[in-house]
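The structure appears below as structure tokens.
Note that ligands are numbered from 1 as they come in the structure, with each ligand's atoms numbered from 1 the same way. Keep in mind it's a predicted model, so treat the numbers as computed, not measured.
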Amino acid sequence: MGFLQIQLIKLLAILVIIASPKSLLSAAPPNFPISKPNCTDHCGSISIPYPFGTTEDCYHSHDFFVNCSQTFNPPKAFLANSTIEIIDISLDGQLTVLQFIAHECYSQNRTRVSYKYPRIWFSMFTVNNTANKFTVIGCDTYGYIAGRRLNRPYRTGCTPYCYAEDDLNEGSCTGLGCCSTSIPKEASMVYLTLGSYYNFSYVWNFNNCSYAFLAEESAFTLSPENIANLTKVEKLPMVVDWAIGNRTCQEAKMNPSTYACRSGNSTCHNKPDNGYGYRCACLEGYKGNPYLTDGCQDVNECEDPKLSKCEKNCVNTIGSFYCTCPKGYHGDGKEGGRDCIRGESITFKLVAGISLGIIVLLLTACWMDLELKRRRQIKMRQMFFLQNGGILLQEKVTRRERSSDTTTIFSESELQKATNNFHNNMILGQGGFGTVYKGFLPDNRIVAIKKSKEVDPNQIEQFINEVTILSQINHRNIVKLQGCCLETQVPLLVYEFINNGTLFEHIHNKAKARFFSWETRLKIAAETANVLSYLHSAASTPIIHRDIKSTNILLDHTLTAKVSDFGASRLVPLDQTQLSTLVYGTLGYLDPEYMQTNQLTEKSDVYSFGVVLVELLTGKKVLSFDRPEEERGLANLFLSVMKEDRLFEILEENVTREGNKKQLMKVAMVAKSCLHVKGDDRPCMKEVAMELEGLMLGEKHPWIQPGHDEEVKGFLLEGEFSRAINVGEDNSTSIGFDSAKDHVTLSMGGGR
Ligand SMILES: *[C@@H]1O[C@H](CO)[C@@H](O)[C@H](O)[C@H]1NC(C)=O
Ligand SMILES: *[C@@H]1O[C@H](CO)[C@@H](O)[C@H](O)[C@H]1NC(C)=O
Ligand SMILES: *[C@@H]1O[C@H](CO)[C@@H](O)[C@H](O)[C@H]1NC(C)=O
Ligand SMILES: *[C@@H]1O[C@H](CO)[C@@H](O)[C@H](O)[C@H]1NC(C)=O
Ligand SMILES: *[C@@H]1O[C@H](CO)[C@@H](O)[C@H](O)[C@H]1NC(C)=O
Ligand SMILES: *[C@@H]1O[C@H](CO)[C@@H](O)[C@H](O)[C@H]1NC(C)=O
Ligand SMILES: *[C@@H]1O[C@H](CO)[C@@H](O)[C@H](O)[C@H]1NC(C)=O
Ligand SMILES: *[C@@H]1O[C@H](CO)[C@@H](O)[C@H](O)[C@H]1NC(C)=O
Ligand SMILES: *[C@@H]1O[C@H](CO)[C@@H](O)[C@H](O)[C@H]1NC(C)=O
Ligand SMILES: *[C@@H]1O[C@H](CO)[C@@H](O)[C@H](O)[C@H]1NC(C)=O
Ligand SMILES: *[C@@H]1O[C@H](CO)[C@@H](O)[C@H](O)[C@H]1NC(C)=O
Ligand SMILES: CC(=O)N[C@H]1CO[C@H](CO)[C@@H](O)[C@@H]1O
């Protein structure tokens, strides 16, 4: 009877432990050996647990060799044969190392006086992508991080700017003089580089150096003193993930002689989504080094009141423990015996009854919890619908009473069904603004669904405005918005699905570029120019796209351009010609004037379009780190080539072969005028669109070509433009507006 009692009490104790949320893990420091017998377990103050070791008999493989160099006082630990200094090793699978800070400093005469671009490389380990941040500091700076992951290169970076010393006083890295970005998973090599747009000539009197580092997020806080100190500090801590070998647990277990989880009472975990290999851990209730034979040892919870909460009458068991009640009581002795119940004899029935009661209670609680959650979810959906401006939009949409072609409001469940519950297989692309999924609607329509990242609640109204404007625009060269869903915390946007990839792929993918003729390139340029012209001057409220680039121009099966991604676009109230905004855009396409002044005008789109035009002409990448520094940006390369009259050396081969020389020259002139440093000197989009249209039709119908020869500014007259449109309207080559005819007022003033 007594034995049975104890077993039942244990069962109860286990039940309660399972039900209690507190984990047993936060334990006292272990006194267990952490390295192999007869091996040094520390280097200076750094402890070195096996699989790491300082001599050949003491480490698991050469990758875990720690070079404890006694030439320093205190001694320093270096990883394997490298010069990477280790400052902490954790058995959870992390390693903290010191990584150099990149810097680049300029003197008053615009010359670079010092720089360092550090590189770090691991053969088996990977840089931890959640604990580290890539940070760039400077007032006229771009910084990028490059390296290798999964045997192919990766590259990312950011561009901090500031205009006064005060900007550096913000206290956190928010984009003024400091920016930071996360890095991809599984990076085994990192290489930091810095550059400057104006060699610090505008900011030299208060800032003359740029810095970049990949470090633990908490290692650096932004302040003028800390920035000044960066040159002296030289290195900051960075977290690296380690694991054993490059196999999974299952594969490793098949070869017991090399399997690293040596200890009994240990388990094996595959390294979570960052690189190869596996890690070992002690089971719950055990502590120690799972990589050593007998490394995991029982934790005596009774010695640590924080763990057992028994106070008295604690009984430790292997891997667990329980609390008993004083003589004459029964029940759970935890928390000083609060739950002990008086009673001489405990019958089997009573205990069984209590356990049954607890189980029933637990089940009821679970059911109630589920029911509550379900109700809360319904409430949340309604709340999000309201918060996202559902009523506002519903009103606007119903008031318009247009044909069935207009925007639909989808429910969350419809979109979940369409995308197989946002399955990873349905992801079409991922960008700064969110993820795009492919979806199949019940009426056989194929759509692209954009799930944005968090939206600032203040911008919801503006967002709604944008959605309504976009849903009114019906331009054949703009991706159609089919609808949206407002029941989720961030609104979901539903677009028509464009099936032939981006312009970027068609230019830079060698296989596709072979079939990408000059005629098509010019057509796409003209179509894009037309869209921008329409957005800037014809739509009822001018819209600045802000992120024109070849990856945002989609192509359908007839290679017709469809401009997309209005996530960054801004509406410009009619009485304003410029807007102050945070600089946003894509490196290489960014208008230098906008970057310097923060004043957004339509001319920023003109600049970006100029870059796309050059991309079409030359087939070259917009930013290429294989080119010399001053020619990394395609715009600069192109301008210097134009200046030296060497245009035909950089044109794409097929373009040179197919294009008429005079026409190519003129298109290049248009691109050049779009790339003027001063926005005021750039043509407005309407002029560009007309010129390209003229050149295109000139090619098709040489008799329309006007008599202008090499004149740069010889844009077509308006009459000729209208004629061109008329020729086009009944021919499939036309570039036109499907509807919204009332908006196309050609006499309207240009950009400003
Ligand atoms: C450790 O060193 C001692 C004394 O040098 C030796 O007796 C013992 O066998 C060594 N143990 C191991 C595992 O090498
Ligand atoms: C250990 O580090 C020191 C100092 O960096 C170096 O001189 C020595 O060659 C290294 N030893 C090995 C085995 O790599
Ligand atoms: C590391 O250095 C040791 C001795 O200096 C050498 O035998 C070994 O091949 C080196 N290993 C690597 C991976 O460079
Ligand atoms: C610019 O200044 C640096 C030091 O401040 C000096 O070494 C260099 O010669 C100067 N260069 C020119 C072109 O004046
Ligand atoms: C900027 O600095 C680089 C490197 O020192 C130099 O090659 C370039 O000429 C400088 N540009 C200007 C405009 O001074
Ligand atoms: C500057 O760096 C040194 C060396 O790391 C450090 O001891 C000192 O506290 C730092 N000063 C400030 C103001 O952060
Ligand atoms: C795994 O590691 C072994 C030895 O270190 C190496 O030969 C093999 O190529 C690696 N395999 C992968 C997939 O990295
Ligand atoms: C688990 O640990 C206990 C005590 O530390 C030991 O007696 C037992 O044999 C271990 N289990 C295995 C499978 O090694
Ligand atoms: C990265 O480090 C954090 C703690 O700093 C850890 O929780 C996480 O598991 C690590 N990532 C990987 C892939 O090991
Ligand atoms: C481009 O040139 C390649 C040969 O260099 C040729 O095979 C291809 O057909 C050309 N493409 C076009 C569109 O003319
Ligand atoms: C994409 O465009 C090319 C060139 O016109 C065409 O050959 C191909 O079939 C198109 N692909 C799709 C999926 O429409
Ligand atoms: C479809 C269509 O109307 N095609 C016309 C395009 O223009 C040429 C002459 O420029 C006509 O011959 C085609 O009939």
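Interface of Ala131 with ligand 9, defined as ligand atoms under 4.0 Å from a residue heavy atom, comprises 5 (O). Applying the 4.0 Å criterion to heavy atoms of Ser69 picks out, from ligand 2, the atoms 3 (C), 4 (C).
When side chains are defined from C-beta on, Cys58 does not count as touching Thr40, because their heavy atoms never get closer than 4.5 Å.
Side-chain contact of Glu104 with Tyr106: a donor-acceptor pair under 3.5 Å is present, judged by distance alone.
The residue among Asn67, Asn81, Thr71, Thr83 with a heavy atom at the shortest distance from atom 3 (C) of ligand 2 is Asn67. Around atom 10 (C) of ligand 9, the closest heavy atom drawn from Asn128, Thr126, Thr96 belongs to Asn128.
Phe100 has its ring centre no less than 6.0 Å from the ring centre of Phe213. Within the 6.0 Å centre-distance limit, the rings of Phe52 and Trp242 are counted as a close aromatic pair.
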Determine, stepwise, if the pair Tyr161 / Asp140 fulfils side chain to side chain donor-acceptor pair (under 3.5 Å). CA-CA 5 Å; Tyr161 251 73; Asp140 169 19; 3.0 Å; yes

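With a 4.0 Å heavy-atom cut-off, ligand 9 is reached by the side chain of Gln94 but not by its N, CA, C or O. Residue-level proximity to ligand 9 for Arg279 is carried by the side chain, the only part with a heavy atom below 4.0 angstrom.
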